[in-house]
Amino acid sequence: MYELSLLLHERGHDVSFLPYTLPESIQPGSYKNWLRLRRVIPKVVPPPEGFKLDHVKSFIVRSRSPLGPLYGPDSMYTSDLNNIAKTHSITMYMFLSDLGRIVPDVPFIVPAVGWIPVHTNIHVGSSEYFNLRAFHSLAILSPTSGREVTRVFKEEADSVAEIRDIPPFVATVPHIIDRERLMKWATKGLERMRLVDPATVSRELRQEKSPQLVFDKGNGQARVPPHPIFSEKKEYTDTFVVLMQNGNYDDFDRKGWDMGLQAFSKFYKRHESDDKMTKRRIHLYVHSMESYNLGKDMNNNEEPPGALKPAGMNLMRRLHSLGLPRSAYTIDYNVHEPEVVAALKRRASVCLHVSKVEGFGMNMLECQALETKVITTNYTAMADYTRWGERVPYRQTVWSGDTSVEMAMVDVDATVDALDRIYDEFRGVGVSADQGGTEQDEYVFKDKALVEKWIDKSFSKEKVDNAFHTLILKAEEVHITRMYMHYTRAEKKVAPTYYEEPMFRLAMGEHSPVVDWKEPWTILAPRGLRIPNLDKLQHELYAWTVINRNDVAVFTVKTVYSDSNGEVPLMDKTGSLHPHYPIFIRTYLVAGMQARLTRRVSLAQKGLEHAMARNTGKIMEKMYFVVDRATLEDHDDTFYNYYGNNDEKEGADLSAEAYVYSSPGEL
């Protein structure tokens, strides 16, 4: 994003930064420069001396509105972003963000461009669909994901969406990779790492870049001798170094540490006896960004407290359990400077990067830019961007319920075979080390020079600059078109009928069906619900959602039993939502909650709690529903639709006609 900000400034745009996360103690507002912001966050690690920041107009600190129980502290609601745009005269947003951070509770009032890594399949009605649909133009980081997003919007292009009548413009735009700069960093890092260890090099580089600051307790300590693999002695330069360099901060091992470590263990044991004869060594270098190190930038690079519980895999324990000798691997937990990070990639004989899913894969691309072959999983962005090395097939996929991401489990034995082939090249057996790929994979380059040309052309500043110039123009065009359509519809003040443009979907039963609809509202209701006045309900929802564009997330409606036996209470005796009470919830919220929840009452309860925390719940007055007690008591919560008709047993009726009285007089 920093590189992009420079390009935007060169084109005459004013640039401000809006961080996702800052300490809650900071006073919200606009800080004109970095020094003013640092006065209130003195422990934030500053940029190096000479680092260009004078092109940034301001640093904006947002106020903390209640997030509700469904979203984390890094989340931003579009309603809050609209308020920030009004306060600080922002005319366009650009987000470099994972999808889940932007919550589309209302439409943007200014054009919004998303630079998005997509990690999962998208379908109409998914939470990712609603998030993407909020933007005006999208820069998707990989071709596979770009095609997936384009396909979804193309399928629904002829239908009327929630309150945004045309989809965003979509283009594939990668991150910038400066190959020459990476090479300079790697050269500088390797020169120093021949003299001292990587941690000492990083510490000394930090001191040189910001000599006025003391970063960590390591200053002043004796310099540690270099790691043997960076020595110029032949016995160490002959070492075949397998680099695994990744983040290790999630509990579902998205970066594929376990599969990669298993593959290395098998590969090492296969060649252990050979190496004793030739004195050639095989060594695994693990450089891991641990979860507890992520906060160092906000704390003057100080060591985290011992009470901080780490996330991710215990790599030391896993390597120990695989039975590898301690001499076979190095584990480096240090936060390194860019020169050291690049040097590790450049020194490696191969980069082992068998992630389960990637939205872009910066690490594997930088390895290729530094002429180091990679072994990756033939899945998502890794399949797109592996051109120097090997793409390994995966055995099966695995579902992450928390994130709704389908991930691939690489074939461990096939990964070992790929390591074997690159090791043969290293030893001079078979094809030369300047050739790449296998006979089975024509997508991979056979010549190192072609890799350089591909990197320089496909990930250049010029390409990204031109792409974003187009994205800005398209975002403005889509925004103007949506606003025109909105005002045209709002002036009519007449809601379309339910059958022309339904504003809700009725989902009945004990277990709600998975959202695959785009109506803005979902009614989570028990079986036996009747809607006395469908036209009035349609008009009310249209007014709130389309005309007023309100951020209301949940509606409740007075509900009575059909046998004249009183009103259904909102809460039961335990203080939970009454199971007979229907709840209106914005569909994007239902789709997000379904990552973990299936029961209707649980979805409704969580949605109600969320609205209460954010003060976005309303009572729909002058409306009432009717629930048939006999239907309630004679139900079966088995989930199926054997005959495939629209009157599905699970209760997602395509129309509300079966549940509507033509007039209140029929009651």
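Heavy-atom basis, side chains included; hydrogens, waters and symmetry copies ignored.
- Side chains of Asn550 and Asn548: a donor-acceptor N/O pair is absent below 3.5 angstrom, by distance only.
- No more than 12 heavy atoms of other residues, nucleotides or ligands sit less than 6.0 Å from atom CE of Met612.
- In this structure, the separation between CH2 on Trp185 and CD on Glu366 is 7.5 Å, given to the nearest 0.5 Å.
- Inter-residue side-chain proximity for Val173 and Leu471 is flagged as met; some heavy-atom pair is nearer than 4.5 Å.
- Between Arg133 and Glu128 there is no salt bridge, since none of the side-chain N atoms of the basic residue sits less than 4.0 Å from a carboxylate O of the acidic one.
- Considering only heavy atoms from C-beta on, His287 stays 4.5 Å or farther from Asn246 through its side chain.
- Here the side chains of Asn466 and His469 are not in contact, with every heavy-atom distance at 4.5 Å or above.
- By the neighbour-count criterion of 12 heavy atoms within 6.0 Å, atom CD1 of Ile619 is sparsely surrounded, having that number or fewer from other residues, nucleotides or ligands.
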Query - His55 and Ser5: CA distance, side-chain angles, deciding distance, side chain to side chain donor-acceptor pair (under 3.5 Å) verdict - result: CA-CA 8 Å; His55 69 293; Ser5 72; 2.9 Å; yes
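- Minimum heavy-atom separation, Gly146 to Ile140: N-CG2, 3.4 Å.
- Counted by atom type alone, Thr144 and Asp384 present one or more donor-acceptor pairs between their side chains at under 3.5 Å.
- Contact check for Ile176 versus Leu7: side-chain heavy atoms found under the 4.5 Å cut-off.
- Residues Thr380 and His119 bring no donor and acceptor atom of their side chains to less than 3.5 Å of each other.
- A 6.0 Å sphere centred on NE2 of His539 holds no more than 12 heavy atoms belonging to other residues, nucleotides or ligands.
- Ring pair Phe153/Tyr129 is tilted by interplanar angle, where 30° to 60° counts as tilted.
- A donor-acceptor pair under 3.5 Å is absent between the side-chain atoms of Asp14 and the main chain of Lys57, judged by distance alone.
- Thr522 and Trp517 share a donor-acceptor pair across their side chains, judged by distance under 3.5 Å alone.
- A salt bridge between Asp250 and Lys255 is absent, with no side-chain N of the basic residue lying under 4.0 Å from a carboxylate O of the acidic one.
- Scanning all heavy atoms of the two residues, the minimum distance from Ser126 to Ala591 falls at C-CB, 4.0 Å.
- One finds a salt bridge joining Arg489 and Glu501 here, because a Lys/Arg side-chain nitrogen approaches an Asp/Glu carboxylate oxygen to under 4.0 Å.
- Between Ser576 and Met571, the closest side-chain pair of non-hydrogen atoms is not below 4.5 Å.
- Under 3.5 Å, the side chains of Trp521 and Thr587 contain no donor-acceptor pair of N or O atoms.
- Taking OH of Tyr292 as the reference point, atom CG of Asn248 lies at 9.0 Å (rounded to 0.5 Å).
- Arg482 places a side-chain heavy atom less than 4.5 Å from the side chain of Pro168.
- No side-chain donor-acceptor contact under 3.5 Å links Asn334 to the backbone of His336.
- Residues Leu603 and Ile585 share a closest heavy-atom pair of O-CD1, 3.7 Å.
- Using a 4.0 Å cut-off between a side-chain N of Lys or Arg and a carboxylate O of Asp or Glu, Arg254 and Glu406 do not qualify as a salt bridge.
- Taking the six-membered ring for Trp and thresholds of 30 and 60 degrees, Phe459 and Tyr385 have ring planes more than 60 degrees apart, a perpendicular arrangement.
- The nearest pair of heavy atoms linking Ser79 to Asp105 is OG-OD2, 2.5 Å.
- Residue-environment remark: CZ (Arg596) stays at or below the threshold of 12 foreign heavy atoms within 6.0 Å.
- Residue-environment remark: NZ (Lys52) exceeds the threshold of 12 foreign heavy atoms within 6.0 Å.
- Residues Tyr379 and Val357 meet the side-chain proximity criterion, which asks for heavy atoms closer than 4.5 Å.
- Of the N and O atoms on the side chains of Glu358 and His353, at least one donor lies less than 3.5 Å from an acceptor on the other residue.
- For OH of Tyr484, the number of neighbouring non-hydrogen atoms (other residues, nucleotides, ligands) closer than 6.0 Å is 12 at most.
- Between Phe95 and the choices Leu81, Leu18, Val113, the side chain to side chain contact (heavy atoms under 4.5 Å, CB included) rule is met once, by Leu81.
- To the nearest 0.5 Å, the span separating CG on Leu577 from CD on Glu609 amounts to 9.5 Å.
- In terms of modelled atom types and a separation under 3.5 Å, the side chain of Ser291 and the main chain of Ala311 share a donor-acceptor contact.
- Contact of the Trp399 side chain with the Val405 side chain is not registered, since no non-hydrogen atoms from C-beta on lie closer than 4.5 Å.
- Cation-pi geometry between Arg614 and Tyr77 is met: under 6.0 angstrom from the ring centre, within 45 degrees of the axis.
- Taking NZ of Lys474 as the start and OG of Ser137 as the end, the distance is 10.0 Å to the nearest 0.5 Å.
- Here the CZ-CG distance, from Phe360 to Leu365, works out to 5.0 Å after rounding to the nearest 0.5 Å.
- For the pair Ser142 and Gly359, the tightest heavy-atom approach, listed with the atom from each and the gap, is CB-O, 3.8 Å.
- To the nearest 0.5 angstrom, Ile480 atom CD1 is 10.0 Å from His136 atom NE2.
- For Phe17 and Tyr31, the ring centers are positioned 6.0 Å apart or more.
- The two residues Met485 and Ile166 make their nearest non-hydrogen contact at CE-CG2, 4.0 Å.
- Here the two rings, on His479 and Phe108, have centers that are 6.0 Å apart or farther.
- Proximity of a side-chain donor or acceptor of Asp98 to a complementary backbone N or O of Gly100 within less than 3.5 Å is not detected.
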